[in-house]
Every structure is written in C-alpha cells, then in structure tokens.
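Structure first, commentary second.
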Amino acid sequence: MPQGKNYRDALGQAWFAEACRNARILPNQREGEGSHLGFYTEFPTKADEQVNMKVGISFVSIEGARNNLVAEIPGWDFDGVRQKARKLWSNELTRMEVSGGTEDQKTVFYTALYHTLIDPRIFADVNGDYPGGEGKVHKTKAFTKRTIFSGWDVYRSTFPLLTIIAPETVNDMINSFIELADQNGTGYFDRWEIFNAYSGCMNGSPAVIVINDAWQKGIRNYDVNKAVLLAAATIDHDAAQPNKKFLLSNLMENLNATWSAYRLAEGVGRRELADQYFSRSQQYRDLFDPNVPWIYDKAGRQKNPDWKGWFRALNENGQFYDWKGLETEQTCQECSVYQQGWLVPYDVPGMIKLLGGQKLFLAKLEDFFDRTPDVTKWNPFYNHPNEPVHLIPFLFNRGGAPWLTQKWVRKIAEAYKPGPDGLCGDEDVGQMSSWFVMAASGLHPACPGDPRYEIFSPLFDKITFRLDSKYNKGKAFTITAHNNSPENIFIQSARLNGKPLNRCWVTHEEISAGGQLDFTLGSKPNTGWGLAAE
C-alpha cells in the first residue's frame with residue numbers, strides 16, 4: 001500500500017487494482033488465515049454448463065460454517081433456495097402495507113423497506129454461537145447477537161421506524177451494545193460498530209439516543225441500569241476526544257445525545273445523574289453567538305442585514321472561531337454551519353427564543369429551504385444526500401407551521417425513484433431508505449428519544465403498520481389519506497380513532513395501542529390545523 005494511504009482510500013483506486021492483479025497466487029491451497037485474503041475456483045466446464053456452489057459463513061469457526069450450511073442449504077435445489085429466500089423476504093415486508101400511489105412509488109417504498117430491514121444483521125451461528133468483543137465464543141438465549149450499527153446515520157429514521165415495526169431487532173441491538181461494551185473493555189458504546197470492531201466513524205454518541213428512544217417506547221428487555229451507566233460513560237468519553245471537542249458537529253451531536261442520557265437516567269430514577277446531564281444538554285446556548293452578521297458566503301456578498309446570530313464552535317481558548325458565514329464547513333463534518341445549527345430538536349422552544357421568537361425562527365427555517373438549489377444535490381442548505389439535515393423538515397411542526405412540513409416532505413420525497421440512481425446519496429446502512437419509508441407514511445420524529453412522532457400528509461392513500469404483540473397492545477396502526485393526490489398535499493383535518501385531532505403529532509403509545517389515523521387533504525394549506533398543544 002502506498003505511503004500515506006489507508007484502506008478506506010483503497011477501493012476504486014488504480015494502485016489497489018494493480019496490487020490485486022499482482023497478488024501472490026497459491027494454487028491447491030484449501031485453507032488460509034490472515035488479512036486481505038481471497039479465493040478462486042476452477043472447473044473443467046463445457047459450453048453453457050452451469051456450476052453450482054454453496055457457501056457456508058461463520059464468524060466463529062469452520063465447523064460453525066459447515067453447520068450453518070447444512071442447516072440452511074441442505075440440498076442442491078437452486079430454485080428451491082431462491083423461492084425460500086423470496087418467501088422469507090415477502091414475510092418481512094408484510095410488516096407494512098401500502099395502497100394507492102403509483103407503481104413506481106410502491107417499488108421505491110418496498111425497496112426502501114427491504115433496505116431498512118437488512119441491518120443490524122444477525123451475527124450468530126444457527127446454534128447460537130457468536131464471537132464476543134474480547135475474541136471468545138459466546139452463546140445466549142436471552143437475545144440474538146446483532147452487528148453493523150451506522151449510528152450517526154440510523155438514529156435519525158431507521159431505529160425510530162424499527163421501534164414500530166421490528167422492536168425485537170432494536171432490543172437485540174441494545175443487548176449487543178451493552179455486552180460488547182463489557183467484553184471489549186472500553187466501558188462505553190461504540191459509535192459505528194461493525195463485526196465487534198469500533199470504526200470511530202463520524203461523531204456524537206448515537207447509541208445513547210437509540211437506547212433512550214427504545215426505553216421511552218417500552219422496549220426494555222435488557223439491563224437498563226447498566227445501560228444508563230454505559231450511556232453516561234459514552235457521553236463523557238466522546239465529549240473528551242481531543243480531535244473532536246472543538247468541532248461544532250461533534251459538540252451538537254453530543255449535546256443531543258446528552259439530552260437522551262438525561263431522559264434515560266430520569267426514567268430509571270437516577271435523579272442526580274439526570275440533573276447533571278440535563279444541565280449539560282443546555283450548553284448548546286453557549287455555542288450561540290447573537291452578534292454575528294447573517295451572511296452566507298465568507299465575503300458577505302450574500303446576506304440578510306436584518307438578521308443576526310447563529311451557532312459556532314469554540315476553540316481551545318474558549319473563544320469563537322472567526323466567522324466565515326453560514327455556508328462554511330469549518331468545524332463541521334460533512335455539513336455546513338447552517339445545517340448543523342438546527343440540531344437542537346430536544347429544546348425547540350429554547351432554540352426559537354435564541355433565534356428571535358417564533359416569527360423569526362420560521363422565517364429563518366423557510367430561508368434555509370427556499371435557498372436550496374436542489375434537494376438531491378450536495379449544497380450548504382437542505383442537502384438530502386447526507387444525514388445531518390434529515391430531521392430539519394419536521395421542525396416546522398414544532399415551530400407552529402405544520403403546513404410547511406407537509407410541503408417540504410412531499411418535495412423531498414420526489415428525490416426517490418426506481419433504478420440504479422434511485423437514491424440521491426449514500427444508503428448509509430438503511431438510513432436514506434428508512435427516511436423515505438417514514439416520510440411516505442406520514443410519520444417521522446423531529447427528536448429521536450422523544451416518543452412523539454410528527455404527522456404530515458402521507459404519500460400513499462393507506463398505510464398499515466403491523467404491530468408485534470410482545471411489545472404492543474394493538475395489532476395494527478393504519479393511516480388513511482382521503483382526497484390524496486400530487487396536488488392535495490395539505491392536511492385540512494384529521495381524526496384519531498374517529499375523534500377530531502387538531503395537533504400535528506401522535507405518541508408512540510397511541511400507535512402501540514393500534515387504531516386509525518385519518519387525514520382529509522386539500523390543495524391549499526389549512527393554517528389553522530395542527531396547532532393545538534394537546
């Protein structure tokens with residue numbers, strides 16, 4: 001590997017392809033151990049002859065791979081295996097059912113649901129064996145060991161969706177978090193875990209948010225007290241990283257997770273710990289500079305002279321970095337300062353006050369969207385190809401203008417289409433797809449960790465969520481959109497289980513109980529609907 005390069009740079013590079021071409025070939029070798037190994041097979045075939053091959057995989061042992069193969073593919077019936085896989089996935093996709101919409105929209109929806117359900121995947125053999133974080137083999141019947149947690153991405157949409165349609169998967173993942181933090185000796189949750197390895201990718205403490213979100217929604221079949229202590233250790237560890245502590249992205253992501261640590265500690269009666277983390281979560285106010293001019297580019301060629309104030313990172317001397325405008329990516333990770341500043345979903349009233357009150361808050365939020373040149377292309381405003389903006393459309397609901405959430409969610413959903421270019425950004429282990437599944441259903445949280453789901457006009461005429469009886473009282477929760485069409489995107493009225501509903505949100509408890517949410521849609525905003533506090 002060339003000096004100065006790393007393995008993350010490798011794929012697709014000419015030097016990596018050349019290294020593969022020049023790799024040492026070991027003929028007739030049946031076993032090998034080490035890094036960067038591959039294998040090849042040779043068969044004396046005739047024209048049009050088919051070769052069948054079965055592969056057993058285990059992360060524990062060769063014997064485990066053999067047992068998995070015998071249990072899962074005992075024969076040589078290729079079509080039978082294909083039909084079995086098709087049936088298994090068909091059963092998985094019945095967790096949700098939609099009707100109405102176009103065939104393309106249905107294709108996108110079920111493809112997105114399929115993507116959502118791939119991970120976190122099972123990490124155990126058929127007999128229950130799985131590798132622990134310390135390299136030893138473990139077995140348990142208490143949960144199914146799972147892996148691949150793209151935390152910074154999936155806490156926003158994927159896990160909130162899974163809490164509704166696959167709560168057992170969420171419970172498995174939390175148990176896997178807790179066990180891994182014990183086994184690997186770190187004493188904290190990994191941010192981006194893959195096969196028991198800590199990638200260190202991105203920032204924040206997303207596992208804390210996922211655990212709090214699950215606990216608030218009644219998913220609690222794990223050691224909750226240990227989860228609280230590990231959550232606290234995770235917050236403290238991530239906040240102290242010297243290469244991260246002066247990044248606005250890491251600061252705001254960690255404060256968001258700190259609020260979840262507060263809620264989790266409060267929920268289990270750890271009052272002193274809860275008070276500590278609530279106080280820390282309010283430090284987002286220290287990152288707000290009320291005096292910076294409202295300029296977009298560094299030169300100030302684009303500006304709004306009537307507005308002031310935005311969020312900024314502090315340097316090692318406790319001073320704000322030089323102000324370079326809202327579009328700068330300085331101190332941010334994969335986003336602009338303008339995008340990152342909206343990440344205070346746990347205290348929208350406080351953010352509204354900092355931004356000058358409700359009227360100015362909404363004006364600045366509209367400005368953020370109105371300046372977006374194309375939601376499908378990378379830009380410093382609403383940039384749907386990457387995750388930092390994925391919760392922002394739902395702030396209109398929290399700010400008292402639900403018709404604007406309705407408008408922009410429909411607009412953003414147009415970015416999804418069938419075909420190889422059907423996603424406008426990286427899939428990121430299901431997050432890009434799960435955003436669409438929820439958006440098309442008319443439900444999405446503004447603040448994961450809060451059991452409130454924002455509601456808005458769904459893409460389909462009817463959406464049914466099948467509910468797991470182990471975690472829910474009801475069997476299904478159905479959303480129906482009357483007068484739905486590409487033009488009729490605004491909610492005129494709503495009813496929950498037959499009773500008028502004039503708030504723009506429902507709770508997880510209401511969903512879990514099962515029932516019916518009905519919308520009547522129209523072509524013009526009803527600015528009087530959805531404003532009730534209760």
Handout entry: Exercise: identify the closest heavy-atom pair between Asn171 and Ile219
Key = OD1-CG2, 3.6 Å
Fill in the blank from the handout: Note: Ile352 and Gly399 closest approach over all heavy atoms is CD1-CA, 4.2 Å
Problem - Side-chain heavy atoms of Leu355 within contact of Met351, under 4.5 Å - result: yes
Exercise for the section: Taking the side chain as every heavy atom from C-beta outward, state whether Asp518 and Leu496 have any atom pair closer than 4.5 Å. Expected result: no
Handout entry: All ring pair (Phe, Tyr, Trp, His ring centres under 6.0 Å) counterparts of Phe436, not counting sequence neighbours
Key = Tyr416
Exercise for the section: Please identify each residue that fulfils side chain to side chain donor-acceptor pair (under 3.5 Å) with Arg86, with sequence neighbours left out. Expected result: none
Practice task
Indicate whether the side chain of Asn184 and that of Thr186 have a donor and an acceptor atom separated by less than 3.5 Å.
Solution key: yes
Practice task
Could you tell me which residues satisfy ring pair (Phe, Tyr, Trp, His ring centres under 6.0 Å) with His237, sequence neighbours excluded, listed by chain and number?
Solution key: Tyr188
Problem - Residue pairs fulfilling salt bridge (charged side-chain N to carboxylate O under 4.0 Å, His left out) with at least one residue in residues 263-272, sequence neighbours excluded - result: Arg263-Glu266, Glu266-Arg271, Arg271-Asp275
Handout entry: Contact list for residues 82-107, test ring-ring contact (aromatic ring centres under 6.0 Å, His included), sequence neighbours left out
Key = Trp89-Tyr114
Exercise for the section: For a ring pair (Phe, Tyr, Trp, His ring centres under 6.0 Å) with Phe394, tell me which candidate from Tyr453, Phe456, Trp408 qualifies. Expected result: Phe456
Handout entry: Salt bridge present between Arg146 and Asp119 (N-O < 4.0 angstrom)
Key = no
Fill in the blank from the handout: residues 149-161 vs salt bridge (charged side-chain N to carboxylate O under 4.0 Å, His left out), sequence neighbours excluded, gives Arg156-Glu253
Handout entry: Minimum side-chain heavy-atom gap Met432-His384 below 4.5 Å
Key = yes
Practice task
Find out whether Phe477 and Leu517 are in side-chain contact, i.e. whether some heavy atom of one side chain is under 4.5 Å from a heavy atom of the other.
Solution key: yes
Handout entry: Polar contact flag, side-chain donor to acceptor under 3.5 angstrom, Asn484-Asp461
Key = yes
Practice task
Can you see which heavy atom on Val154 is nearest to which on Val429, and at what distance?
Solution key: CG1-O, 3.6 Å
Exercise for the section: Report the residues that fulfil ring pair (Phe, Tyr, Trp, His ring centres under 6.0 Å) with Tyr471, sequence neighbours left out, ordered by chain and then residue number. Expected result: none
Problem - side chain to side chain donor-acceptor pair (under 3.5 Å) partners for Asn221, two or more places apart - result: none
Handout entry: Ring centroid separation Tyr262 to Tyr277 under 6.0 Å
Key = no
Handout entry: Neighbour count >12 (heavy atoms, 6.0 Å) for atom NZ, Lys106
Key = yes
Handout entry: Residue pairs, two or more places apart or on separate chains, that pass ring-ring contact (aromatic ring centres under 6.0 Å, His included) and touch residues 190-226
Key = Phe59-Phe195, Phe123-Phe195
Exercise for the section: Scan residues 394-409 for pairs that pass salt bridge (charged side-chain N to carboxylate O under 4.0 Å, His left out), counting only residues two or more places apart or in two chains. Expected result: Arg398-Asp450, Arg398-Glu454
Handout entry: Within residues 426-443 or reaching into it, pairs that qualify as salt bridge (charged side-chain N to carboxylate O under 4.0 Å, His left out) - sequence neighbours excluded
Key = none
Practice task
Would you please say whether a donor-acceptor pair under 3.5 Å links the side chains of Asn254 and Ser205?
Solution key: yes
Handout entry: Check: Gln406/Ser457 side-chain N/O donor and acceptor closer than 3.5 Å
Key = no
Practice task
Kindly write out the residues that satisfy ring pair (Phe, Tyr, Trp, His ring centres under 6.0 Å) with Phe159, not counting sequence neighbours, or none if the list is empty.
Solution key: Phe149
